[in-house]
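Data block below; observations after.
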Amino acid sequence: MSVVKGVASPLEKYDGSSLRILIVHTRWNPSVVDELVKGVVDTMTKEHSVKSENITIQTVSGSFELPFAAQRLIAASRLQATPNAAELFSTLGENTGPPPVNSQTFDAAICIGVLIKGSTMHFEYISEAVSNGIMRVGLDTGIPCIFGVLTCLTDEQALERSGLGVSEKKHNHGIDWGHCAVELAIKNRRWTVGEI
Ligand SMILES: Nc1c(NC[C@H](O)[C@H](O)[C@H](O)CO)[nH]c(=O)[nH]c1=O
Ligand SMILES: CC(=O)[C@@H](O)COP(=O)(O)O
């Protein structure tokens, strides 16, 4: 068991009570993905006071769809949060109506999926595309976009990294992603107003 590997705790405990979080997760390998999502949500709500009503959860088919969905959902939330959203919405058709009162853009997005190597190179191509795509969404939108995709060679590796494994090394990586999302969302707010 490694004595080096792992992430150190942050220097402060971040209050997520005002944060708005987007979670996009896949429907591939659902037994593992669902456990990872639970780890993220439980960590944010129980350890950082993120309100459940401020967590938006959307699903896509597979990991390859994660970057597209995250980018489009961030864009849609920005449309809803714009000052003249009602006017913009009215131009979209008479049935759209005004945006929800509490609609605002997201403070962070978390993309969650599980890739498990098969017998072709499909795994390698998707892994590379998805990791680059998720990184690009964060850089292009300015909204922290957390890489919550397990890239596993075996089922056992996926089970271990979602806390469903049988060894003492098992750890739900969703916990780390929940902490990471809150920390970067708070820091991004501070950096955006010049607090460095
Ligand atoms: N094999 C896995 C996939 N494959 C599906 C792709 O992600 C994508 O949905 C499809 O190519 C259509 O664009 N997805 C996973 O998330 N996990 C896998 O193990
Ligand atoms: C990650 C994948 O796309 C993989 O599970 C597909 O399996 P295969 O390479 O056997 O087609």
Side-chain angles (χ1 to χ4, degrees), residues 9-10 12-61 63 65-90 92-93 95-114 134 137-138 140-150 162-163 172-193 195:
S9 299
E12 68 178 273
K13 185 166 175 61
Y14 296 100
D15 173 12
S17 56
S18 67
L19 295 180
R20 295 164 299 274
I21 304 291
L22 169 65
I23 294 174
V24 188
H25 73 79
T26 68
R27 294 188 303 279
W28 262 81
N29 306 318
S31 60
V32 177
V33 167
D34 291 350
E35 199 65 22
L36 293 167
V37 172
K38 185 176 184 304
V40 168
V41 172
D42 287 352
T43 300
M44 294 197 298
T45 54
K46 295 173 180 173
E47 300 197 40
H48 294 286
S49 307
V50 175
K51 298 181 174 66
S52 299
E53 60 267 29
N54 288 343
I55 299 175
T56 299
I57 299 180
Q58 293 266 352
T59 72
V60 292
S61 177
S63 294
E65 284 69 52
L66 288 170
F68 178 85
Q71 185 194 63
R72 301 309 297 147
L73 286 160
I74 290 169
S77 72
R78 282 176 163 164
L79 179 64
Q80 288 184 353
T82 53
N84 62 337
E87 180 187 337
L88 281 174
F89 265 62
S90 65
L92 296 176
N95 297 324
T96 50
V101 171
N102 64 349
S103 69
Q104 296 288 337
T105 189
F106 298 112
D107 295 288
I110 307 163
C111 294
I112 301 174
V114 176
I134 290 172
V137 170
D140 290 352
T141 63
I143 301 294
C145 200
I146 307 306
F147 182 70
V149 180
L150 298 183
S162 59
N172 187 333
H173 284 238
I175 297 168
D176 306 332
W177 303 335
H179 287 306
C180 179
V182 171
E183 175 184 358
L184 202 52
I186 295 289
K187 286 182 172 178
N188 191 37
R189 279 186 173 182
R190 293 174 182 171
W191 297 336
T192 300
V193 296
E195 289 177 28

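Note that the numbering runs from 1 along the sequence shown for the chain. Small disclaimer: the values here were computed from a predicted structure and weren't measured.
Considering only heavy atoms from C-beta on, T45 comes within 4.5 Å of I55 through its side chain. Annotation: side chain of N172 is in contact with side chain of L36 (closest heavy-atom distance under 4.5 Å). At least one side-chain heavy atom of R78 sits less than 4.5 Å from a side-chain heavy atom of T141. I110 has its side chain within reach of M44: a pair of non-hydrogen atoms, C-beta onward, lies under 4.5 Å apart. A 4.5 Å side-chain heavy-atom check between Y14 and V50 finds every atom pair outside the cut-off.
Atom CZ of F68 is separated from atom CD1 of I134 by 14.5 Å, given to the nearest 0.5 angstrom. K46 contributes atom NZ, which lies 10.5 Å from atom CD1 of I175 (distance to the nearest 0.5 angstrom). Taking SG from C111 and CG from L22, the interatomic distance works out to 7.0 Å, rounded to the nearest 0.5 Å. The CG atom of L73 lies 5.0 Å from the CD atom of Q58; values are rounded to the nearest 0.5 Å. Of the inter-residue distances, the one linking N54 atom CG with I21 atom CD1 reads 8.5 Å to the nearest 0.5 angstrom. Atom CG of L19 and atom OG of S17 lie 7.5 Å apart (nearest 0.5 Å).
Residue pairs satisfying the ring-ring contact (aromatic ring centres under 6.0 Å, His included) criterion with at least one member in residues 37-59, sequence neighbours excluded, are listed as follows: H48-H179. Among pairs with a residue in residues 21-36, those fulfilling side chain to side chain donor-acceptor pair (under 3.5 Å) read R27-T59, at least two apart in sequence or across chains.
The shortest non-hydrogen separation linking D107 to R189 is OD1-NE, 3.0 Å. The shortest non-hydrogen separation linking F106 to I143 is O-CD1, 3.1 Å. Residues A181 and A108 come closest through the heavy atom pair O-CB, 3.9 Å. Across every non-hydrogen atom of V60 and A69, the tightest pair is CG1-CB, 3.6 Å. Closest approach of L66 to G113, counting heavy atoms only: CD1-N, 4.2 Å. Between N188 and P144, the shortest heavy-atom contact is ND2-CD, 3.5 Å.
Proximity of a side-chain donor or acceptor of K38 to a complementary backbone N or O of G174 within less than 3.5 Å is not detected. With hydrogens and angles ignored, the 3.5 Å screen pairs no side-chain donor or acceptor of D15 with any backbone N or O of S49.
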Practice task
List the steps, then state whether side chain to side chain contact (heavy atoms under 4.5 Å, CB included) holds for W177 with V149.
Solution key: CA-CA 10 Å; W177 303 335; V149 180; over 6 Å; no
